Student: 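The structure under discussion is supplied below as structure tokens; questions concerning it will follow.
Given the structure is predicted, the values throughout are model-derived calculations rather than measurements. In what follows, every heavy atom counts, from backbone to side chain, and hydrogens, waters and symmetry copies are set aside. Throughout, protein chains are lettered first and strands after them, A, B, ... in sequence-line order, and every chain is numbered starting at 1.
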Amino acid sequence: MSQLLQIENFTLGFPGRPPLLDSVSLHVNDGEAVALVGESGSGKSLTTRAALGLLPGGSESSGLVSVQGLDTLTASKQRLMELRRRHASMIFQDPRAGINPVRTVGDFLTETLVRLDGLSRAEATERAVAQLEQVGLRRAGGLMDQHPHQLSGGMLQRVMIAAALLNSPDLLLCDEPTTAQDVTTQAGIVKLLREEQQSRGMGMLFITHDLNLAASLCERVYVLRRGEVVEHGPTRTVFLTPEQDYTRQLVEATPVIETGAGSSVAAVPGLDPTPLLKVSGLSKTYQLPRGGTVTALEGADFSLPEGGSLGIVGESGSGKSTLARLVVALETPTSGELTLRDIPRPQRPLRASERKALAKEVQIVFQDPYLSLDPRIPVGNAVADVFRLHQKQGRKEAKESSRSLLGRVGIGPERFDALPRALSGGQRQRVALAKALAARPRLLVLDEATSALDVSVQAQVLELVEELRDQLGLTILFVTHDLAVVSRLCSEVVVMHQGRIVEQGPTARILEDPGDHYTRNLIASRPRPLWDAEPVTA
Amino acid sequence: MTLAIHLPQAGLRRYGSLLSPMAWGALAVAAVVVLLSLFAPVLAPYDPDYVDLNNVLAGPGGQHLLGTDALGRDLLSRLMHGGRTSLLGPTIVVIGSTVLGLLLGLVAGWSEGWLGKVLGRLFDLLFAFPALLMAMLAIALFGKGLFAPILAMTIAYVPYVARLAQSLVVAERSRPYVQAYRVLGFRTPWVVLGRVLPNLIPTVGAQSTLNFGYVLADLAALSFIGLGVQPPTSDWGAMIEESRGALLGGHILPAFWPALVVVLVVVAVNVIGEELSDRIGGKLS
């Protein structure tokens, strides 16, 4: 076995600043799948790009990066082009960013074959179609004439994989290729990558923040933290018996489906006959600008008792976010009923006074903490504003309340005057939580509130939510794509698919014995470690 | 896993680091011109309207640093005093059009219904009229002088600000932080005026800075064709017009100096405006 990709003591940084990568060493052999895991900012992408000679402008580097003996740090442009064209391909996270939107898939796939490899148009088309079929795209011939916007994200990522495989590379570099995809789509793409890598005997370096995914695809793993490799070895050894504290933390923070854990939140017994939130036959239809309608939510029925916790699980387009937005009145229902604490929701936009009253009943925390805080307002003031509005507090009193609430969610007084951009993602999400809680709502809607966070931060924020729920007696509506997060936090779960509720019930029951075909598929799509792979039943 | 996209937000960052050398130069030119004009009564060597027929069309140097015009008036003093009227007009127009444009833009951007559409069409209509044409129309109605062109120009420059503000507001209102304010029960006027408006100001300010240069040139042109500031008040555009006779006689300086100052100021203001919008635009990409 020869070393396909070899990185030795690779250090990269900008002059006068601490290095971004510090003596990184790793290698990938022929026919081997290797994972590079780490949280955001750990330097995974930088390392991988260096393999193709793509270094950030103005950076200084030392050490060795070589692919099949070619030193990519010093190689000429010509040699690098040759390398990228014939020997090493890369697949990126966002397939839409890598394809010209005004040209067809066929143009995209055949361009280099015709211009650089001297194939005739017919030959190139034939090869591209064969490759598309190989990556599991049906009606590949028809696909060649389509434009990127006509394809779903999953299909487009398959097109990108086809493009990467067209020149039969020896090394495939994957930079979070499934992070933007739904779980079920991800399962298909991962399976495809594994099959191609095995059957072609390619070397593969797979970058991901998701330990489960790394375990489902790769034999060996490197754990990267702040530009340094903290641990490496066979995936199984590293994940089951981690030697470093950091790896252990990562493994522990990685969400797994915990059946039985959700029942730590015992549903309030039938003492309270009127549920806090009751939804029946709720639908939302959008008018399209060019005529026609889209039904985002159709006939949703469920109820949530005071003090309960309900998970709404679904993939993109399932209607789960529409449901969340209906609950907090950012959308107006088209039909059906939504009752919050016996108050029916009108089918019209709320008046200012109604909205203010509603704010004391229900609050929401959004997915992206980088966008959900006003960038110009210091975080302490942002929370104090809510106290002044809802608790009728004076300026001084509100500041005091804000300080103590921020302290409670883990934001120290030294951060009181900080602008959101000076805070990390996890800290911002804590502030967003404090802002919502300052209105003292009974129901807290969390709309993918931890999805944009690194796993270790996600674990901390989830812990905080659990703690606050227990202390304040909050009712929780957790909207997410992640079954593991739901299993940890919610006693009941609603599974949604294409605007409809396909299944609902106690979390433990649904995870252990899903009744619906789609739920089963969703659970089965979660990445499974290679060493746990069930034998395929004949 | 859902993907987090971290877009920097429109016009929300401070200007931050150092200006380019080009912008420093522009800023210096603008500052010198503004200060000299502002303190003209104190600093100017002569009365700008003092006629000295023994000393007509004197060259630069000697008693008159930049020379004199056909009536023997000191050109430097006239330039300094002329700056007061020449800069006052654009200042009023820019402030007026920015305030009006911001308000209309906020309303147009925030209201989803017919009001936004109607305002949008109104902006289109105003765009269709050249500013100079509107100014001449106003002069026909209100007579010559500074008032009519300033009023017309203010109206003509409103859509430049309003259209920009409208598009920024449309982008801001769908951002999660604005939605969070709505869910928290804050009233719309408070959110729009207190929270969204300040986030637009850097970007709109850059546009208005650029407008200043255009308005200055437009007003100078009006004075040049005799519709704006009336003699004997000194004004850069009027000075060029008054010097036409001397120009034909081979004396270019009386027309050259005011023309040079107009060009310098317009270029300086443009450089500053471009720098501001580049910085804000750079933060967007």
Side-chain angles (χ1 to χ4, degrees), chain A residues 40 93-94 176 178-183 186 208-210 213 316 325 328-330 350 352-360 362-377 382 385-386 389-390 419-421 425 432 435-436 438-439 441 445 447-448 451-453 480-482, chain B residues 1-17 110-117 120 168-205 279-280 282-285:
Chain A
S40 47
Q93 176 173 333
D94 181 4
E176 304 251 16
T178 59
T179 303
Q181 312 288 344
D182 277 325
V183 193
Q186 165 172 293
T208 180
H209 64 281
D210 185 342
L213 200 56
S316 51
R325 294 172 62 83
V328 298
L330 280 172
L350 295 188
S353 57
E354 291 171 323
R355 192 170 277 291
K356 195 174 166 190
L358 183 70
K360 294 189 181 184
V362 58
Q363 280 302 321
I364 187 166
V365 175
F366 291 105
Q367 173 178 354
D368 193 337
Y370 291 87
L371 298 177
S372 58
L373 294 175
D374 192 333
R376 208 176 38 83
I377 308 295
D385 278 343
V386 183
L389 179 74
H390 283 293
L419 288 176
R421 69 162 173 271
K435 231 173 92 183
V445 180
D447 187 0
E448 296 271 16
S451 309
L453 305 173
T480 180
H481 68 283
D482 193 341
Chain B
M1 191 75 191
T2 316
L3 168 69
I5 303 162
H6 303 148
L7 280 178
Q9 311 191 354
L12 302 175
R13 308 283 179 92
R14 305 259 152 101
Y15 296 131
S17 58
W110 202 267
S111 59
E112 282 165 281
W114 59 271
L115 188 60
K117 283 185 184 133
L168 290 172
V169 171
V170 168
E172 289 293 290
R173 55 178 276 169
S174 61
R175 287 184 190 275
Y177 85 89
V178 175
Q179 303 200 336
Y181 281 132
R182 283 177 69 193
V183 176
L184 282 165
F186 287 102
R187 284 178 179 271
T188 304
W190 184 88
V191 175
V192 176
L193 296 176
R195 289 296 181 258
V196 175
L197 176 66
N199 288 340
L200 313 181
I201 282 181
T203 315
V204 169
R279 271 155 185 270
I280 294 158
K283 303 254 158 80
L284 274 174
S285 57

Student: Closer than 4.0 angstrom, basic N to acidic O: yes or no for Asp374(A) and Lys435(A)?
Tutor: no

Student: Counting only non-hydrogen atoms closer than 4.5 Å, does Arg182(B) touch chain A with its backbone (N, CA, C, O), its side chain (CB onward), both, or neither?
Tutor: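 Both backbone and side chain of Arg182(B) come within 4.5 Å of chain A.
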
Student: Pick one of side chain, backbone, both or neither for Asp210(A), based on which atoms fall under 4.5 Å of a heavy atom in chain B.
Tutor: neither

Student: Where does Ile364(A) contact chain B at under 4.5 Å (heavy atoms): side chain, backbone, both or neither?
Tutor: both

Student: Find the one option among Lys356(A), Gln363(A), Lys360(A) whose heavy-atom pairs under 4.5 Å with chain B are most numerous.
Tutor: Gln363(A)

Student: Quick one: what part of Leu350(A) sits under 4.5 Å from any heavy atom of chain B, side chain, backbone, both or neither?
Tutor: neither

Student: Could you check which of Thr480(A), Leu358(A), Leu330(A), Val362(A) has the highest count of heavy-atom pairs closer than 4.5 Å to chain B?
Tutor: Leu330(A)

Student: Any chance you could lay out the side chain to side chain contact (heavy atoms under 4.5 Å, CB included) test for Trp190(B) and Leu389(A), step after step, and finish with the verdict?
Tutor: CA-CA 11 Å; Trp190(B) 184 88; Leu389(A) 179 74; over 6 Å; no

Student: May I ask you to test the Leu371(A)-Phe366(A) pair for a side-chain heavy-atom distance under 4.5 Å?
Tutor: no

Student: What class does the angle between the rings of Tyr177(B) and Tyr181(B) fall in, given that below 30° is parallel, 30 to 60° is tilted and above 60° is perpendicular?
Tutor: perpendicular

Student: Does Val196(B) reach the side chain of Arg173(B), with side-chain heavy atoms less than 4.5 Å apart?
Tutor: no

